[in-house]
Amino acid sequence: MIDSIFALIAEELGRIAADKGEVLPPLTADSRFLDGDLPIDSLDLATLLVVLEQRTGQDPFREGFRQFTTVGELAALYTVPA
């Protein structure tokens with residue numbers, strides 16, 4: 001399951017980066033969203049979360065914000081119950 005969520009995150013990040021004329025570097029579980037090597041800002045991150053909710057039917061933030069800074073941490077939020 002985590003591999004499919006990771007792939008979905010990678011797909012959407014690639015689209016977001018391409019829309020901005022940026023190139024997405026290779027993703028790892030340790031790739032950091034903000035202040036890291038990914039060419040996204042906080043608005044892009046919010047867009048990513050909306051798309052993930054739409055495509056997975058899950059909202060791990062329904063009960064409030066849950067901390068994450070890396071791609072792997074975000075993917076893990078979608079593989080365990082909120």
Side-chain angles (χ1 to χ4, degrees):
M1 172 81 172
I2 198 163
D3 290 338
S4 62
I5 295 296
F6 189 92
L8 180 58
I9 292 169
E11 175 187 330
E12 185 58 23
L13 286 174
R15 187 195 63 73
I16 289 169
D19 286 350
K20 295 171 65 170
E22 299 279 349
V23 175
L24 187 68
L27 288 182
T28 69
D30 294 325
S31 295
R32 295 178 60 86
F33 284 105
L34 303 175
D35 300 324
D37 58 347
L38 300 180
I40 66 166
D41 57 26
S42 58
L43 181 58
D44 298 328
L45 184 55
T47 299
L48 172 64
L49 295 179
V50 169
V51 170
L52 289 175
E53 181 179 350
Q54 291 171 340
R55 296 202 42 201
T56 66
Q58 297 178 52
D59 180 6
F61 305 100
R62 182 169 285 127
E63 300 299 319
F65 186 77
R66 298 175 70 191
Q67 185 67 35
F68 68 95
T69 57
T70 68
V71 172
E73 290 169 348
L74 179 60
L77 293 177
Y78 286 87
T79 61
V80 293

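Hydrogens, waters and symmetry mates play no part in the numbers below; they use all other heavy atoms, side chains included.
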### Task
Run the numbers on V71 and D30 for side chain to side chain contact (heavy atoms under 4.5 Å, CB included), then give the verdict.
CA-CA 6 Å; V71 172; D30 294 325; over 6 Å; no
### Task
Please assess F68 against L49 for the test side chain to side chain contact (heavy atoms under 4.5 Å, CB included), listing each intermediate value before the final yes or no.
CA-CA 12 Å; F68 68 95; L49 295 179; 4.2 Å; yes
### Task
Report yes if some heavy atom in the side chain of D59 is under 4.5 Å from a heavy atom in the side chain of L52; otherwise report no.
no
### Task
Look at the side chain of T70 and the backbone N and O of A29, then say whether any donor-acceptor pair between them is shorter than 3.5 Å.
yes
### Task
Mark yes or no for whether S31, through its side chain, and L27, through its backbone, hold a donor-acceptor pair below 3.5 Å.
no
#### Entry: Mutual orientation of the aromatic rings belonging to F61 and Y78 [parallel < 30°, tilted 30-60°, perpendicular > 60°]
perpendicular
### Query
Mind checking whether L77 and L38 sit in one hydrophobic cluster, side chains of I, L, V, M, F, W, Y counted as touching below 4.5 Å?
yes
### Message
With a 4.5 Å cut-off on side-chain heavy-atom distances among I, L, V, M, F, W and Y, is there a chain of contacts connecting L48 to V50?
### Response
no
### Close side-chain approach of T79 to Q58, heavy-atom, < 4.5 Å
no
### Query
Taking atom CG of L24 and atom CD1 of I40, what is their separation to the nearest 0.5 Å?
9.0 Å
### Task
Output the distance between atom CZ (F33) and atom CG (L45), rounded to the nearest 0.5 Å.
6.0 Å
Cut-off 3.5 Å, no hydrogens considered: what does the side-chain donor-acceptor table look like for residues 9-17, sequence neighbours left out?
unit_1	atom_1	unit_2	atom_2	d
E11	OE2	R55	NH1	3.0
E12	OE1	R15	NE	3.3
E12	OE2	R15	NE	2.9
E12	OE2	R15	NH2	2.4
R15	NH1	D19	OD2	2.5

### Query
Hey, does Q67 have a side-chain heavy atom less than 4.5 Å from the side chain of T69?
yes
### Query
Can you hop from F65 to L74 via hydrophobic side chains spaced under 4.5 Å?
yes
